[in-house]
Amino acid sequence: MELSQIFLLILSLVLFVYLYICNLSLRDKSLVAIGKFAFKNPRLPPGRTGWPLVGETLEYFSKIQQGVLEKFVTERRNKYSSKIFRTSLIGYPMAILCDAEGNKFLFSNENKFVKHWWPSTIDKLFPKSNNKPNTEHTKALHKLLTFILKKDVLRAYVGVMDAIMKQHLQIYAECKLVKIGDMAKTYIFKLACITFLGIDNQGKIDELEKGIKEIATGLHSMPLNFPGTALNRAIKTSKLMREEFESMIRQRKVDLSVHSSSSAKDFVSHMLLATDDGGQFYSEADIACILVGLLQGSYTTVHNTITNIMMYLTEFSDVYNSVLREQKEIADLKEPNNILCWEDLKKMKYSWQVACEVLRLKPPVHGAFKEAITDFNYAGYTIPKGWKIHWIAHATHKNPEYFPDPDKFDPSRFQGDGPASYSFVPFGGGAHMCPGTEYARLAILIFLHNVVNKYRWEKQIPDEKVLHYPYPRPAHGLPVHLYPHKP
């Protein structure tokens, strides 16, 4: 990163935190609670809060930019406690649990001691239509996504997903030089549009992709919402997309009322048939909001993971050859051009081990946040109500206690019983693990099967730099020279 860019980032962060704290001090009860706890003198986790207002936010983001977020945890774990430490990030007092036991505690005590928490930017981009508390809304949302993304539903989509990939690959039949990042991105987005929305018109898909790009840019920009800012443009784009989806949902309702529910061919139809804990159908506005979130989430995470996998296959020829051998054995048992089925994917064990090792080294998200909904004790320390808790995937992914020689690329770590429970958490864990995990697995394996069976490839830029924010990926999208396998 250029020095000027670093300066602008620091200046922007300082401005944001200052404005945010000024506003927070007027309304955030958790700060008042800290004052009360200071008076009561509880045994808070050891650590430091860093600079006034800014806390340790700048160092945190600096470590992300360098691709060494685990060092932010390791340095403080070694200094303060192997279990937990406190810090201050983005204007909030925050506890960070350092090990697999901490992950298990967080994932197992959802809605008992902690709840999901995210910055207000998320609510502006993906607003809920009802007045339910965030805890209830998150629970209902997770139930709906789990319902539509469960294995029984996805099993029926394997052939469709494979047919989409085979058709997509024909675009590159005459190409000698391609960017894997672009190939993966267009595949993942087209896949999402067809399976989630039932839209297969390429012109419409391209239009939706422009909107999702706008939302993704705003999501990772400075949280300044006034005309001309990236966040403001993203909020407007999200609103327009939700309105369009609501119109589509109303039409889908009409279609389902005319035809049998067994005719449901996409996720929208499945959503319309789902009910919450009270037996009520989900509102059109909520379904539209969820669809925008699904498109954005799949667009920005899965394709980057695929690109990273392809990068490692380029760098480790022995791993590539093993993946090719496994995928060729599956292809040889099928008639030419036959689509994949669920049983085929179950045979791709080594390929998925490779994917898991890439997810360990380059998880699609750096972690997530929780909020304490009551005072509770952990490892002998008090976490006050209102504090934020941050779990960081790299805290365990790069910990030699769980993964010896953690910087080494070694898919064999996932053979047999695999890693220790709650040490491998690229999608979270427990009952609230990301419901899109299985969908991501199918999309990744189907892409690998088709590309590996058809091509070998070489990097155009041998030492291509890897960017780490907002998602880890090759800086130039991994341009490669494609070489078709000889018959």
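Given the structure is predicted, the values throughout are model-derived calculations rather than measurements. Along the sequence shown, residues are numbered consecutively beginning with 1. Worth knowing before you read on, the calculation uses all heavy atoms, side chains too, and leaves out hydrogens, waters and symmetry mates.
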Query - Stepwise side chain to side chain contact (heavy atoms under 4.5 Å, CB included) check, T301 with Y471 - result: CA-CA 7 Å; T301 56; Y471 306 101; 3.8 Å; yes
Requested in this report: For residues N103 and F107, determine if any side-chain heavy atom of one lies less than 4.5 Å from a side-chain heavy atom of the other.
Outcome: yes
Report task. Return the orientation label for the Y469 and F61 ring planes: parallel under 30°, perpendicular over 60°, tilted otherwise. Result -> perpendicular
**Report entry** Steps toward salt bridge (charged side-chain N to carboxylate O under 4.0 Å, His left out) verdict (K347, E326)
**Finding:** CA-CA 8 Å; K347 299 174 184 176; E326 178 178 78; over 6 Å; no
Report summary line: Distance col, row F414:CZ vs C356:SG, nearest 0.5 angstrom, shows 5.0 Å
Requested in this report: Among W391, F376, Y422, find the residue that satisfies the ring-ring contact (aromatic ring centres under 6.0 Å, His included) test when tested with F105.
Outcome: F376
Query raised in the report: If you measure only the distance, is there a donor-acceptor pair under 3.5 Å linking the side chains of H366 and Y60?
Result: no
Requested in this report: Keeping the roles fixed (side chain from N450, backbone from I446), state whether a donor-acceptor pair exists under 3.5 Å.
Outcome: yes
Requested in this report: Output the distance between atom OG1 (T217) and atom CD1 (I212), rounded to the nearest 0.5 Å.
Outcome: 11.0 Å
Query raised in the report: Side-chain contact, heavy-atom cut-off 4.5 Å: L58 with W51?
Result: no
Query - Atom pair CH2 (W352) and CG (L445), whose distance is rounded to the nearest 0.5 Å - result: 6.0 Å
**Report entry** Check: M271 and L144 side chains under 4.5 Å, non-hydrogen atoms
**Finding:** yes
Requested in this report: For H397 and F424, run ring pair (Phe, Tyr, Trp, His ring centres under 6.0 Å): C-alpha distance rounded to whole Å, both residues' side-chain angles, the deciding distance at 0.1 Å, then the answer.
Outcome: CA-CA 6 Å; H397 288 194; F424 178 63; 5.4 Å; yes
Requested in this report: Using atom types as modelled and distance alone, determine if a side-chain donor or acceptor of N453 lies under 3.5 Å from a backbone N or O of H449.
Outcome: yes
Query raised in the report: If you draw the axis of the six-membered ring of W117, does the NZ or CZ of K388 fall within 45° of it and under 6.0 Å from the ring centre?
Result: yes
Query raised in the report: Around atom NZ of K459, are there more than 12 heavy atoms of other residues, nucleotides or ligands at under 6.0 Å?
Result: yes
Query raised in the report: Can you find a pair of side-chain heavy atoms, one from K71 and one from H394, that are under 4.5 Å apart?
Result: no
Query raised in the report: Checking T382 side chain against P384 main chain: does a donor-acceptor pair fall under 3.5 Å?
Result: no
Requested in this report: Give a yes or no on whether the backbone of F72 and the side-chain of R76 come within a donor-acceptor separation of less than 3.5 Å.
Outcome: yes
Query raised in the report: Hey, what do you get for CD1 (I84) to CZ (R77), rounding to the nearest 0.5 Å?
Result: 13.0 Å
Requested in this report: Starting from the C-alpha separation in whole Å, work towards a yes-or-no answer on salt bridge (charged side-chain N to carboxylate O under 4.0 Å, His left out) for E59 and K63.
Outcome: CA-CA 6 Å; E59 184 176 356; K63 289 290 192 289; 3.5 Å; yes
Report task. Please say whether the positively charged group of R360, taken as NZ for Lys or CZ for Arg, lies over the ring of F403, i.e. under 6.0 angstrom from the six-membered ring centre and within 45 degrees of the axis. Result -> yes
**Report entry** Side-chain heavy atoms of Y187 within contact of H303, under 4.5 Å
**Finding:** no
Requested in this report: Quickly, which of K104, K370, K115 forms a salt bridge (Lys or Arg N to Asp or Glu O under 4.0 Å) with E110? Name it, please.
Outcome: K370
Query raised in the report: Any donor-acceptor pair under 3.5 Å linking the side chain of D286 with the backbone of Y282?
Result: no
Query raised in the report: Stepwise, does the side chain to side chain contact (heavy atoms under 4.5 Å, CB included) test hold for I215 with L295?
Result: CA-CA 10 Å; I215 293 173; L295 288 180; over 6 Å; no
Report task. Identify the heavy atoms of C98 and S82 that sit nearest to each other, and give their distance. Result -> CB-O, 3.6 Å
Query - Non-hydrogen atoms of K83 and Y378 that approach each other most closely - result: O-CE2, 4.2 Å
Query raised in the report: Between atom CZ of R242 and atom CD1 of I287, what is the distance when rounded to the nearest 0.5 Å?
Result: 14.0 Å
Query raised in the report: Between H116 and F369, is the gap from one ring center to the other below 6.0 Å?
Result: no
Query - I306 versus A443, closest heavy-atom pair with distance - result: CD1-O, 4.3 Å
Query raised in the report: Within the distance-only criterion (no hydrogens, no angle test), does the side chain of T396 pair as donor or acceptor with the backbone N or O of S423 below 3.5 angstrom?
Result: yes
Query raised in the report: Is the closest side-chain heavy-atom distance between V452 and W457 below 4.5 Å?
Result: yes
Requested in this report: Apply side chain to side chain contact (heavy atoms under 4.5 Å, CB included) to the pair V466 and M311, showing each step before the final yes or no.
Outcome: CA-CA 10 Å; V466 173; M311 181 180 67; 4.0 Å; yes
Report task. Work out which heavy atom in I64 is nearest to a heavy atom in H468; give both atom names and the distance. Result -> O-CB, 3.0 Å
Report task. Using atom types as modelled and distance alone, determine if a side-chain donor or acceptor of D99 lies under 3.5 Å from a backbone N or O of G102. Result -> yes
**Report entry** Y157 six-ring face occupied by R155 cation (under 6.0 Å, within 45°)
**Finding:** no
Requested in this report: Using distance alone, with no hydrogens and no angle criterion, decide if S412 and Q353 have a side-chain donor and acceptor under 3.5 Å apart.
Outcome: no
Query raised in the report: For atom CH2 of W342, is the number of surrounding heavy atoms from other residues, nucleotides or ligands below 6.0 Å larger than 12?
Result: yes
Query raised in the report: At their closest point, which heavy atom of I330 faces which heavy atom of D344, and how far apart are they?
Result: CD1-O, 3.8 Å
Query raised in the report: In Å and rounded to the nearest 0.5 Å, what is the CG to CG distance from L359 to N308?
Result: 9.0 Å
Query - Under 3.5 Å: donor-acceptor pair, side chain of E464, backbone of L478 - result: yes
Requested in this report: Take T87 and T49 through the test side chain to side chain contact (heavy atoms under 4.5 Å, CB included) and record every step on the way to the result.
Outcome: CA-CA 5 Å; T87 183; T49 54; over 6 Å; no
Report task. Report yes if some heavy atom in the side chain of I383 is under 4.5 Å from a heavy atom in the side chain of L44; otherwise report no. Result -> no
Query raised in the report: Would you say the side-chain atoms of D162 pair up with the backbone N or O of L340, donor to acceptor, closer than 3.5 Å?
Result: yes
Report task. Would you indicate whether D405, at its atom CG, is surrounded by more than 12 heavy atoms from other residues, nucleotides or ligands within a distance under 6.0 Å? Result -> yes
Report task. I would like to know whether Q327 and S351 meet side-chain hydrogen bond (donor to acceptor under 3.5 Å, both in side chains); could you show each step before the answer? Result -> CA-CA 8 Å; Q327 296 296 346; S351 298; 2.9 Å; yes
Query raised in the report: Are any side-chain N or O atoms of N232 and backbone N or O atoms of L224, one a donor and one an acceptor, separated by less than 3.5 Å?
Result: no
Requested in this report: Could you verify whether a donor N or O on one side chain and an acceptor N or O on the other, from K150 and Y439, lie under 3.5 Å apart?
Outcome: no
Query - Nearest atoms (heavy-atom pairs only) where S62 meets Q66 - result: OG-NE2, 2.8 Å
Query raised in the report: Taking side chain as C-beta onward, heavy atoms only, is V153 less than 4.5 Å from I148?
Result: no
Query - Validation row, ring centre Y92 to ring centre W387 under 6.0 Å - result: no
